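Take a look at the structure below.
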Amino acid sequence: MTISERSRIDRYEPAAIEPRWQERWAELGLGEAELRDESRPKYYLLTMYDYPSGDLHVGHWYVKTPTDAIARFHRMHGENVFFPVGFDAFGLPAENAAIGRGVHPAEWTYRNIDTMRRQLRSMGAAFDWDSEVVTCDPSYYRWNQWLFLRFLEAGLAYRASATVDWCPNDGTLAREQVEGADRHCWRCGAPVEKRDLDQWFLRITRYADELLDFSGIDWPEPIRVMQTNWIGRSDGAEAVFTTAADEVQPGGDELRVFTTRPDTLFGATFMVLAPEHALVERLTHPERRPEVEAYVARAERETEIERLSLEREKTGVFSGSYAVNPVNGERIPIWIADYVLAGYGTGAIMAVPAHDERDFAFARRFGLPVRRVIAPRELAGEPDDGPTMAQAYVSKSQDDLLVNSGPFDGLGAPAAFAAIVERLSAEGRGRAAVSYRLRDWLISRQRYWGTPIPVVYCERDGIVPVPYDRLPVRLPETVDYAGRGENPLRRDAGFVETTCPRCDGPARRETDTMDTFVDSSWYWYRYLSPGKTDGPLDRDLELRWCPVDQYTGGAEHAVMHLLYSRFFTKALADLGVVHEREPFRRLFNQGQVLGADGERMSKSRGNVQDPDELVARYGADTVRLFLMFMGPWDQGGPWSPTGIGGVHRFLNRVWTSMLDPHGVEAGDPEAGRLPAGESAESAARALRSTAHRTLRTVTAEYLEFRFNTMVAHLMELSNALFRYRGTEVAGSAAWDEAARLLLLMLAPAAPHVAEELWARRLAARGEAGRSIHGESWPAVDEAAVVEATREVPVQVNGKLRDRVVVPAGIAEADLERLVLERAKVRAALAGHQLVRVVHAGGGRLVNIVVR
RNA sequence: GCCGAAGUGGCGGAACAGGCAGACGCGACGGUCUCAAACACCGUUGAGGGCAACCUCGUGCGGGUUCAAAUCCCGCCUUCGGCACCA
């Protein structure tokens, strides 16, 4: 476009229009749901709330702006859309800032929230700000405490000992605060110790089986698989071994083991206890004590990663004691090894080296016997090859038979499983059992910046919950870190010293605060009534609005947050607080935008891409559209601004087509002329067809969150319009319809430019101004999409040889005759014998098979 | 090591449900307009061959099924994400 022509219309300048529309939408209350309005279908759209780190980067835009497009798309379908935002405001970074720089965590947090609110507004996203939730506010965390008390009453909260990483100077350390292979404190460098503390747990394991059931919710398969594996249900049996009497001890102690293969019980040739097992000390013979104690001490210092490494050679020590196998009375040695974990099953195993790889490696390393008890049917008669086996036989074939198993020889493995469990049960030496990998949720944190756990410790009454009417237990406003990482609440006499609600005697407050995952396990309920003072949530609104229709957020929360949220919902349903047993009906996990270096974006890595400069240069609409166009939304990928100019050019062309349909491009010799052989009528028909076909495709793509192809299809429609610019088609009814559809389809994704062009369009027609975001989503005119002819590719032996344009409704026989007459086809067929003609995909393609 | 996801032009990516590989965009090259530019416009652009019409090859590698494979099956390799030696 030349300068003279360009000057006929305004340039597309996002900076001049975007802030204006953002203000207008705020005035209109576009983002605010009418929660009590029941005349329209509800749509609760939730996007994971953010930690207010203070640096809003393109990653936040990547997560939030497509979600905003979803919200706007649903509003255009007449739905009452609830699309709230909030801040996950408790947590470690605020505390680190306080320790390191002396800023109060609250000040740091609220300052960041202010910055993020401003940046979030620049996205042009129509959030429901009236429903905003900030979790560090007492009006929110009060209800964490309320919920905790309900859990406590229901037996879902309890106190137990748990091991933490401990620094003598800085107290409990989070995993990220333990650094280096030598495991030193991030702040003071002291070697990290282990310490057992009494802490609070929530009994998520009570819901293990229900959490395995995903029926009724539409969640991605990989997430369901990950949660299923995390819960890790194993069906097997518990078998009770007893310790054998010897010169040191009388024997008879029970050693319970969990096994998924009770059918291999006759193959148990030794036992292994976790180093932490309660009976280790008692079973260790005096002469073996120094070695065992050294081994246990070493295992304690190891990181879980080291201990769980498969690469490492197996280690272990013999205790000196023996155990008796409950099925055959055999005496087998008891070993202690770190490959058995205290936290899983019973912390002890029966080792069946012939049929378990880990046990096999251990047996070979320490020269322990190997006995085959399971064999494929055809090898069942062979002598025991245990001593010479090169690897464990871990087949779970239905055809395997038991061998070397006394009365059970010859039984099929599945039958033997049942028979052996039955015998154990009958003799009181075991039973069928289920084990889970899932452990109860440790919610105690030894930190200031979190929700105080509302209990006191009374000398007389013990653990006493703070009464509901005395909530919230507030964090003290002044906090003295004294430059250390240790929980300052412990030293805060004004906080700690209190009276017992029951006896009024002296008592000490709990100084542990809650894991921030508690905050995020129910925040979507609070969004519905954030200011409610007589309860955590409004039951009527919860009944009407929950479950959440669509939840979107990063896949990094696949297990913990999403599993805890499901647990909370089920527990709250059982407590009568909510109605539904699943929080999120449909889930979509986006990928992550990484830094240009391919690493996760973070301030410390210095690879954060600030959207502000891109917005200043291209406008929010271009940035939004570019992030959608980058690739499939669930994939993410390294950030690169390459190509953003192309998206900007697209919006520019839309702008030009809409405002100057009759202009011509000086750079194009064909400008203003229809393509050869095309009449105004056929061009108009083609344009209508393209517009409605695009509408059909784009509608589906919005619903399936396939934003990258959605943008591509809008580009195609825009290109079609642009091509006809300056011709007699421009300004025709067909042109006008295509332009209208393009703007409506663009509105959810690029809301400002669509709104601006819509306003000008209405003004040009002398119509009253109204927001495009209040318009109805258009309907496809199926008749316009139907085409008179279509092109059929013709293959010979699967190779493309020709294309033929035929009437849309042509019969197969006619098509075949036509195809066989084509010169190119005949050339390809020459010298071959025709075998058959395949009409594939309902006549979409013809393949001629020859010999 | 196990589990999950994925490997397609120079790049991001597209391809409904086995049916025309490379949509859309970037970059590059050539051109238009311009004193000069680009946040403007037009054209070309998978590789190789041919004056051309066209031909051959081509979706990580090796096999297979099929009239037809990026897509399904078997065996490998690589990358990313997650992690539990779970008995």
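Throughout, a chain's letter reflects where its sequence line sits, starting with A, and its residues are numbered from 1. Just so we're clear, the structure is a prediction, and the values are computed from it rather than from any experiment.
- In this model, the phosphate group of B/C57 is approached by a side-chain N or O of A/Lys799 to a distance below 4.0 Å at OP1 or OP2.
- Checking side-chain atoms of A/Arg372 against main-chain N and O of A/Ile374 turns up a donor-acceptor pair under 3.5 Å.
- A close approach under 4.0 Å does not occur between any side-chain nitrogen or oxygen of A/Arg844 and OP1 or OP2 of B/A17.
- For the pair A/Asn229 and B/C2, the criterion of a side-chain N or O lying under 4.0 Å from OP1 or OP2 is not met.
- The two atoms that bring A/Ala348 and A/Arg256 nearest to each other are CB-O, 3.7 Å, heavy atoms only.
- Contact annotation: A/Arg653 side-chain N/O to B/C41 OP1/OP2 distance is under 4.0 Å.
- Pair assignment for B/G7 gives B/C77, based on Watson-Crick or G-U wobble hydrogen-bonding distances that are each under 3.5 Å.
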Within the sub-3.5 Å range, which N or O atoms of nucleotides 47-54 of chain B have a protein N or O partner, and how far apart are they?
| from | atom 1 | to | atom 2 | distance (Å) |
| --- | --- | --- | --- | --- |
| B/C54 | OP1 | A/Lys824 | NZ | 3.1 |

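- B/U59 sits 9 Å from B/G22 when the C1' atoms are compared, rounded to a whole Å.
- Here, B/G75 and B/G4 have their P atoms 14 Å apart, quoted to the whole Å.
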Pairs of donor and acceptor atoms involving the side chains of residues 844-851 of chain A, under 3.5 Å and at least two apart or interchain, shall be tabulated with distances.
| from | atom 1 | to | atom 2 | distance (Å) |
| --- | --- | --- | --- | --- |
| A/Asn847 | OD1 | A/Asn797 | N | 3.4 |
| A/Asn847 | OD1 | A/Gly798 | N | 3.0 |

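- Using a 4.0 Å heavy-atom cutoff across all strands shown, A/Asp359 reaches no nucleic acid atom at all.
- B/C2: Watson-Crick or G-U partner is B/G82, with both key distances under 3.5 Å.
- Where A/Gly637 and A/Val849 each meet RNA chain B at their nearest nucleotide, the meeting point lying more 5' is that of A/Gly637.
- Contact annotation: A/Arg358 reaches the phosphate of B/C86 (side-chain N/O to OP1 or OP2, under 4.0 Å).
- Using a 4.0 Å cut-off, some side-chain N or O of A/Arg649 falls inside it from OP1 or OP2 of B/A40.
- Only one option out of A/Glu716, A/Glu782, A/Glu787 pairs with A/Arg693 in a salt bridge (charged side-chain N to carboxylate O under 4.0 Å, His left out); it is A/Glu787.
- A/Trp633 CH2 to A/Glu704 CD: the interatomic distance, rounded to the nearest 0.5 Å, is 13.5 Å.
- Partner assigned to B/G46 is B/C57, using Watson-Crick or G-U wobble distances below 3.5 angstrom.
- When each of A/Arg617 and A/Glu221 is assigned the nucleotide of RNA chain B with its nearest heavy atom, A/Glu221 is the one assigned upstream, toward the 5' end.
- With sequence neighbours excluded, no residue satisfies side-chain hydrogen bond (donor to acceptor under 3.5 Å, both in side chains) with A/Trp230.
- Taking atom C1' on both B/G9 and B/G58, the two are 10 Å apart, rounded to the nearest angstrom.
- Residue A/Met715 is classed as a sugar-phosphate contact, given heavy-atom separations below 4.0 Å to backbone atoms only.
- Phosphate proximity of B/C39 to A/Thr622: absent, as no side-chain N or O sits under 4.0 Å from OP1 or OP2.
- Base-pair partner of B/U71: not found among the strands shown (Watson-Crick or G-U wobble, both distances under 3.5 Å).
- With A/Phe362 as the aromatic partner, A/Arg365 does not meet the cation-pi criteria of under 6.0 angstrom to the ring centre and within 45 degrees of the ring axis.
- A distance of 11.5 Å separates OG1 in A/Thr228 from CG in A/Leu438, rounded to the nearest 0.5 Å.
- The side chain of A/Asn708 contributes an N or O atom lying less than 4.0 Å from OP1 or OP2 of B/A14.
- Annotation: B/U65 and B/G18 have their C1' atoms spaced 11 Å apart (nearest Å).
- The pairing partner recorded for B/A40 is B/U32, the criterion being a Watson-Crick or G-U wobble arrangement whose two distances lie under 3.5 angstrom.
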